[in-house]
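Below is one structure, written out as structure tokens; comments come after it.
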Amino acid sequence: MDGTVELAAAALADDPGTVRFLAADGTFAPSPAAEPYRALVDGLADADLEGFYRDMAVIRAFDVQATNLQRQGQLALWPPSFGQEAAQVGSARAARTQDHLFPSYREHVVTRIRGVDPVDIIRLMRGLTHGGWDPTDPKNGNTHIYTLVLGAQTLHATGFGMGLVFDGRCGTGDPERDEAVIVYYGDGASSQGDVHEAMVFAASYRTPEVFFLQNNQWAISVPVATQSRAPLFRRGAGYGMPSIPVDGNDVLASWAVTRVALDEARSGEGPRAIEAMTYRMGAHTTSDDPTKYRTSDEEESWRRRDPIARMETYLRARGASDAFFADVAAESQAVADDVRTRTNALGGIDTALMFDHVYSEPHPLVEAQREWLAGYEASFEEGAS
């Protein structure tokens, strides 16, 4: 195994400065850094804990189904979230209803938790829509659309956060009304200039914002050790914002740290940064082959830290029943089946739609292109007859 991978795994397992509640084997073993958050976690009810597990298990079934659909030619592309479920579930469940979420492009469970129909993600990856869903529709829970341009969503989130400051929608002392922003990005995107520009403005304007970095160890084929010679959470600290490393495969740690960070940001204390150390078990996207750049030993070392298996062990130790896990398995299968059925029924897209909204007013060149395409496609129909 590559030495840098061994160091990353050791840091995740042993570093006392990383917030962690669940050990890799699922036992409850808070790290020293987790103690300030202990009361929050102790206050979680069994229903909350089981809800975390259900979120993770159901979205993994969806993720596997979506990957299969892409392989069957139903989608143009699919970015798997396999292995990153705990970081996403914990952080999304930590947000309040009035908060605004800015995902990257693999936060599938984040969007589902906030109310987005998973098939809306499918529609985007199938090429039937440019955005996927309407972020202003209340049913989508203030969830902004996927951003495939690396790091650009951090600028969007910071600009939105600045607007919250200017409009007096944060820092009023009313936690039921004050709003915050959380933005998701990866270790590769953390090297983009957009992220650093966003942090400059966030720190300067004290935006009510949490930068949630999912360090999944690989920026496509580039390991995180090549991207940065220092832990990534220190980048946020360099801009003067509190920055906290968490075990991203521990849903309890992700939830507790994000809950506190959002509360602080929302109350007017300025932006925060979180580095969730996790691992992308699947490919970067379905156009990628990770066997070309990482070893099976590396993958196996992280498979032993699987967030869902870890949470299942913890819940069983607390007395969760076989009936509960059977119910989750049944729901997971039902969601996967529903997504497959609805995806196969989506059909194609009217090619004429590509000419809509190019200009605000009718344009002769666009109309000429529309007519040319219609005639070109009709020529195939005539040949077939």
Side-chain angles (χ1 to χ4, degrees), residues 8 18 79 81 84 87-88 90-92 94-95 99-108 110-111 135 142-165 170 180-246 248 254 257-258 261-262 264-266 269-280 284-285:
T18 298
S81 62
Q84 298 181 219
Q88 295 184 10
S91 57
D99 292 337
H100 303 265
L101 285 70
F102 288 78
S104 179
Y105 51 78
R106 73 175 83 245
E107 283 70 42
H108 311 318
V110 172
T111 63
N142 297 330
T143 308
H144 294 256
I145 59 176
Y146 274 5
T147 303
L148 276 70
V149 179
L150 292 184
Q153 70 276 14
T154 59
L155 290 174
H156 306 159
T158 297
F160 197 96
M162 290 168 62
L164 294 179
V165 172
C170 60
V181 172
I182 180 169
V183 59
Y184 294 87
Y185 61 108
D187 48 292
S190 72
S191 298
Q192 295 289 323
D194 283 359
V195 174
H196 295 271
E197 292 168 8
M199 287 187 168
V200 167
F201 277 83
S204 296
Y205 286 89
R206 296 180 60 81
T207 57
E209 182 175 4
V210 172
F211 289 84
F212 194 90
L213 163 61
Q214 294 175 86
N215 179 358
N216 65 19
Q217 310 304 317
W218 289 93
I220 309 183
S221 59
V222 180
V224 69
T226 301
Q227 300 172 59
S228 177
R229 301 301 178 185
L232 295 178
F233 73 90
R234 292 183 180 171
R235 292 181 173 178
Y239 292 99
M241 61 184 75
S243 303
I244 304 167
V246 305
S254 295
V257 172
T258 309
L262 281 170
E264 292 173 344
R266 196 183 298 106
E269 296 182 36
R272 270 82 178 112
I274 296 171
E275 179 188 358
M277 290 180 285
T278 182
Y279 192 76
R280 168 172 54 79
H284 175 72
T285 69

Show me the pairs that pass side-chain hydrogen bond (donor to acceptor under 3.5 Å, both in side chains) and involve residues 143-156, at least two apart or across chains. His108-Tyr146
Tell me, please, which residues at least two apart from Glu197 pass salt bridge (charged side-chain N to carboxylate O under 4.0 Å, His left out). none
Taking only residues two or more places apart in sequence, or in another chain, which ones meet Ile145 in a side-chain contact (heavy atoms from CB on, under 4.5 Å)? Trp133, Pro135
Using every non-hydrogen atom in the two residues, find where Ala157 and Val183 come nearest and quote the distance to one decimal. CB-CB, 3.6 Å
Residue set satisfying ring-ring contact (aromatic ring centres under 6.0 Å, His included) with Tyr184, at least two apart, ordered chain then number -> Phe212
If you measure from CG on Leu164 to CZ on Arg266, what distance do you get to the nearest 0.5 Å? 11.0 Å
Using only heavy-atom distances, determine whether the side chains of Asp187 and Gln227 contain a donor-acceptor pair under 3.5 Å. yes
Sorted by chain and residue number, the side-chain hydrogen bond (donor to acceptor under 3.5 Å, both in side chains) partners of Ser190 (sequence neighbours excluded) come out as Arg235
Partner set under side-chain contact (heavy atoms from CB on, under 4.5 Å) for Ala261, not counting sequence neighbours: Val210, Arg272, Ile274
For Gly236 and Ala273, which heavy atoms make the closest approach, and how far apart are they? CA-CB, 4.2 Å
Under the rule for side-chain contact (heavy atoms from CB on, under 4.5 Å), what residues qualify as partners of Ser221, not counting sequence neighbours? Tyr293
Quick one: does Tyr105's side chain get under 4.5 Å of Leu148's, heavy atoms only? yes
Who passes side-chain hydrogen bond (donor to acceptor under 3.5 Å, both in side chains) against Glu107, sequence neighbours left out? Gln214
Could you pull out the closest heavy-atom pair between Ile182 and Ser91, with the gap in Å? CD1-CB, 4.2 Å
Qualifying residues under side-chain hydrogen bond (donor to acceptor under 3.5 Å, both in side chains), relative to Ser243, sequence neighbours excluded: none
How far apart are the C-alpha atoms of Trp218 and Val224, what are their side-chain angles, what is the distance that settles it, and do they pass the side chain to side chain contact (heavy atoms under 4.5 Å, CB included) test? CA-CA 6 Å; Trp218 289 93; Val224 69; over 6 Å; no
Can Leu262 and Asp99 be said to form a side chain to side chain contact (heavy atoms under 4.5 Å, CB included), step by step? CA-CA 9 Å; Leu262 281 170; Asp99 292 337; 4.2 Å; yes
Restricting to salt bridge (charged side-chain N to carboxylate O under 4.0 Å, His left out), what partner residues turn up for Asp194, sequence neighbours left out? none
Aromatic ring pairing Tyr239/His196, orientation class (parallel under 30°, perpendicular over 60°, tilted between): tilted
Take Glu275 and Ile244 through the test side chain to side chain contact (heavy atoms under 4.5 Å, CB included) and record every step on the way to the result. CA-CA 6 Å; Glu275 179 188 358; Ile244 304 167; over 6 Å; no
Count the heavy atoms of every other residue, nucleotide or ligand shown that sit under 6.0 Å from CZ of Phe201, and state whether that count exceeds 12. no
Which residue pairs pass the side-chain hydrogen bond (donor to acceptor under 3.5 Å, both in side chains) test when at least one of the two sits in residues 200-212, sequence neighbours left out? Thr158-Glu209, Thr207-Glu209
Could you give the distance from CG (Leu213) to OG (Ser104), rounded to the nearest 0.5 Å? 11.0 Å
Nearest heavy-atom contact between Leu150 and Gln192 is O-CG, 3.7 Å
Least distance between heavy atoms, Gln217 atom then Thr278 atom: NE2-O, 3.1 Å
Not counting sequence neighbours, which residues clear salt bridge (charged side-chain N to carboxylate O under 4.0 Å, His left out) with Arg106? List them please. none
To check you understand the geometry: which heavy-atom pair defines the closest contact between Gly188 and Ala219, and what is its length? CA-CB, 3.5 Å
With a 3.5 Å distance limit and no angle check, can you tell me whether Thr258 reaches the backbone of Ser254 through a side-chain donor-acceptor pair? yes
Separation between CG of Asn215 and CE of Met277, rounded to the nearest 0.5 Å: 7.5 Å
